[in-house]
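This one's a predicted model, so the numbers in the text were calculated from it and none came from an experiment. Naming: A, B, ... by sequence-line order, numbering from 1 per chain.
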There are 2 protein chains.
Amino acid sequence: MARPTMEDVARRAGVSRALVSLVMRGSPKVSAQRRDAVLAAAEELGYSPHAMARSLASRTSTVLGVMVSDLHNAFFAEVVDGLEAVAAAEGFDLIINTGGRSAARERRAVTSLLSFRPAGLALLGPVVPTSTIASAAGQVPVVLVARSCRLAEVDMVNDDGEAGSRIAVDHLVSLGHNRITHLDGGAGSQSALRRRGYVDGMRAHGLNPDVVASEYTDVAGAKVVSQLLERGLDELPTALVAANDFNAVGAISALEEAGLRVPDDISVIGYDNTSLAGLRHVSLTTVDQPRHEMGRLAGEALLQRVRGERTDAARHLLHPSLVVRTTTAGPRTRRKLT
Amino acid sequence: MARPTMEDVARRAGVSRALVSLVMRGSPKVSAQRRDAVLAAAEELGYSPHAMARSLASRTSTVLGVMVSDLHNAFFAEVVDGLEAVAAAEGFDLIINTGGRSAARERRAVTSLLSFRPAGLALLGPVVPTSTIASAAGQVPVVLVARSCRLAEVDMVNDDGEAGSRIAVDHLVSLGHNRITHLDGGAGSQSALRRRGYVDGMRAHGLNPDVVASEYTDVAGAKVVSQLLERGLDELPTALVAANDFNAVGAISALEEAGLRVPDDISVIGYDNTSLAGLRHVSLTTVDQPRHEMGRLAGEALLQRVRGERTDAARHLLHPSLVVRTTTAGPRTRRKLT
DNA sequence: TCTATTGGTTGGAGCGCTCTAATGCTGTAG
DNA sequence: CTACAGCATTAGAGCGCTCCAACCAATAGA
């Protein structure tokens with residue numbers, strides 16, 4: 001298992017180690033015949049360069065550190081996917097750690113990543129305090145995804161949750177709705193943004209905002225609908241802006257169980273455009289976050305810094321887009337129900 | 001940004017570099033006072049060891065290479081999650097590449113991973129030919145997840161798709177069904193296994209297998225149900241073993257659109273236990289694959305090899321389990337429908 | 001003919017660390 | 001008082017590579 005080194009290849013090809021190094025790095029200042037000899041020798045020995053030795057000697061790195069707060073979460077998995085795509089295209093490799101949504105574990109993960117002296121560090125949805133981010137940013141370019149902070153030296157990629165909610169409201173208003181309720185996702189910066197977007201959107205249309213507390217689950221969506229139904233049918237809004245897709249699906253099933261039809265009796269709109277929303281059985285109108293794109297941008301931000309193409313902080317606020325399916329329609333005079 | 005080295009710490013603490021090295025590796029043969037001095041100096045300088053230099057000098061590695069055929073896929077994301085958990089617990093880091101389900105790209109990804117001289121390599125759902133796997137296995141311990149091959153020197157972790165289907169059939173038979181149709185997932189080793197399990201299961205119960213071609217999507221599930229309905233209502237089976245959860249959901253919605261009720265008129269069972277299946281609106285009876293566990297086992301297999309605890313190949317065949325929800329029930333005399 | 005110039009090639013130092021063998025320093029036995 | 005452990009500590013070589021400066025033709029310009 002003792003793998004061949006550059007020295008071995010050099011000996012076999014009858015050249016110096018430095019020449020092999022040049023060939024391996026694709027230098028143009030090598031004669032064709034020597035190059036072929038080296039390549040042949042490398043092939044015969046099954047040689048491939050030692051990335052860590054290279055990194056040490058060249059004082060450069062071709063790895064990007066990625067700290068994912070929760071890889072289990074499909075959102076982050078897709079961001080990583082996008083990140084990986086740009087990284088691979090530029091010859092970079094990803095080294096990944098997860099933090100399990102615990103600040104202590106995230107700290108350790110970041111330390112571990114930094115010990116590899118990566119060219120850059122991406123933090124996806126980190127929960128660590130700003131000070132930790134700042135100290136990392138002092139050592140290496142850092143990009144934050146799904147998390148904002150006031151540090152001048154870190155890049156950021158976020159989706160505009162406020163705009164997303166507003167898009168949802170605009171869509172419903174344009175369909176003719178004016179009694180629209182928002183199911184709030186609870187604690188967390190995303191929920192707050194989405195709520196704000198909803199409230200502002202409603203006000204902009206001269207409508208009264210109506211926010212009810214819920215959570216990012218289908219069970220919570222169903223529960224809050226039951227509460228809404230207790231208000232009485234006449235009090236029921238004509239449209240719902242749910243906290244996310246799961247929440248929306250829960251709400252829909254509760255509505256249908258109560259004998260209401262979506263979108264005939266009430267429109268529902270989700271958030272995230274998860275694979276769930278696209279199912280024909282569900283066919284949920286929802287707000288799409290460009291997750292893959294977010295990963296791509298994060299990767300590019302890092303690589304720009306690495307290449308020294310940019311020194312000022314990048315602040316990407318991605319515009320979500322509406323995906324209209326079949327859970328929204330114009331309001332009708334509600335049928336009489338028992 | 002010039003980070004401090006061991007030399008800097010040594011100078012500051014008034015000791016030799018070798019002593020700092022011992023402290024950093026937690027050696028017991030260092031006096032308490034020197035240790036404290038070193039630790040203090042390291043703290044003051046913000047020093048942390050250089051993992052790559054360490055790896056080079058010690059000729060050991062603390063990274064595991066992971067090639068994911070498709071990180072976008074929730075299945076693999078969860079496997080990676082499990083892998084990461086064991087790796088982190090043992091002080092290993094993950095370096096990840098994706099192959100995008102292309103043999104050529106996977107080959108490149110593996111080469112890139114091997115250039116880091118990882119302690120082990122995990123290939124998740126690779127599509128590369130066996131020869132590529134073999135050559136990697138010649139350099140480093142390799143574990144295969146969701147892919148089997150005949151190589152003696154590689155570890156494997158697979159779920160028993162055959163057993164999974166059989167469990168599904170057993171469940172339906174125990175409910176009293178005897179006309180059970182399988183929706184086949186098409187090409188791919190998993191489909192073949194699931195189909196075989198279904199066929200064998202049916203035969204074991206003295207029943208006639210009925211396999212119809214479909215795909216791993218909800219659209220395909222709906223389509224195949226339409227075809228089934230054309231056979232005529234009397235020909236319709238009393239239960240369906242779908243290719244996977246998406247396929248099952250598509251089938252269910254087509255059935256409901258045709259005026260049939262699930263599970264009253266027909267039972268449906270999925271495969272994978274995706275987050276979708278757990279939604280109360282869907283509440284799909286399905287076969288669960290222990291994805292996280294598979295990642296855990298893969299990581300452990302690798303680490304056992306790395307530590308030299310085992311030299312013979314590990315062959316983990318994980319037993320899937322049934323998750324009974326509300327899309328299966330005993331067959332009833334079918335209501336007369338128009 | 002003698003320098004420049006150019007393009008290909010090489011020796012050797014050094015990246016930040018580990019590891020072996022040797023060193024100095026006690027303390028205790030001979 | 002010397003000898004010998006036994007322990008903490010250190011010098012120095014070396015991991016596999018890159019990079020710089022030096023080198024050596026071979027050609028071009030004067």
*Under a 4.0 Å heavy-atom cut-off, which of residues 58-67 of chain A touch DNA chain C?*
Arg59(A)
*With a 4.0 Å heavy-atom cut-off, tell me which residues in residues 28-37 of chain B come close to DNA chain D, sorted by residue number.*
Lys29(B), Val30(B), Ser31(B), Arg34(B)
*Residues in contact with DNA chain C, drawn from residues 9-16 of chain A - heavy-atom cutoff 4.0 Å*: Val15(A), Ser16(A)
Which atom pairs, donor and acceptor, lie under 3.5 Å between side-chain atoms of residues 33-47 of chain B and protein residues at least two apart or in another chain?
| unit_1 | atom_1 | unit_2 | atom_2 | d |
| --- | --- | --- | --- | --- |
| Arg35(B) | NH2 | Ser27(B) | O | 2.5 |
| Glu44(B) | OE1 | Arg12(B) | NE | 2.5 |
| Glu44(B) | OE1 | Arg12(B) | NH2 | 2.8 |

*Residues that Ala119(B) engages under side chain to side chain contact (heavy atoms under 4.5 Å, CB included), provided they are two or more places apart*: Ser61(B), Leu64(B), Phe92(B), Val306(B)
*Between the main-chain N or O of Thr60(A) and the side-chain N or O of Ser55(A), is there a donor-acceptor pair closer than 3.5 Å?*
yes
*asked:* Reading DNA chain D from 5' to 3', where do the contacts with chain A start and stop? Cut-off is 4.0 Å to heavy atoms.
replied: dG16(D) to dC19(D)
*Does the side chain of Ser21(B) pick up a donor-acceptor pair with the side chain of Arg25(B) at under 3.5 Å?*
yes
*Go through the structure and list residues passing side chain to side chain contact (heavy atoms under 4.5 Å, CB included) with Leu317(A), not counting sequence neighbours.*
Asn158(A), Asp160(A)
*With a 4.0 Å heavy-atom cut-off, tell me which residues in residues 42-54 of chain A come close to DNA chain D, sorted by residue number.*
Tyr47(A), Pro49(A), His50(A), Ala53(A), Arg54(A)
*side-chain hydrogen bond (donor to acceptor under 3.5 Å, both in side chains): which pairs involve residues 289-305 of chain A, sequence neighbours left out?*
Asp155(A)-Arg305(A), Asp272(A)-Gln289(A), Glu293(A)-Arg296(A), Arg296(A)-Glu300(A), Gln304(A)-Arg310(A)
*Interatomic distance, Arg3(B) CZ vs dC17(C) P [rounded to whole Å]*: 9 Å
Throw together a table of side-chain donor-acceptor distances under 3.5 angstrom for residues 75-91 of chain A, partners on residues two or more places apart or in other chains.
| unit_1 | atom_1 | unit_2 | atom_2 | d |
| --- | --- | --- | --- | --- |
| Glu84(A) | OE1 | Thr98(B) | OG1 | 2.6 |
| Glu84(A) | OE2 | Thr98(B) | N | 2.9 |
| Glu90(A) | OE1 | Arg307(A) | NH1 | 3.0 |

*May I have the distance from Arg17(A) (atom CZ) to dG14(C) (atom C1'), rounded to whole angstrom?*
11 Å
*Between the two end axes of the helix from dT1(C)-dA30(D) to dG30(C)-dC1(D), each built from 5 base pairs, what angle do you get to the nearest 10°?*
70°
*asked:* Without decimals, in angstroms, what is the distance between Leu22(A) CG and dT10(C) P?
replied: 10 Å
*side chain to side chain contact (heavy atoms under 4.5 Å, CB included) partners of Thr130(A), counting only residues at least two apart*: Arg147(A), Cys149(A), Leu151(A)
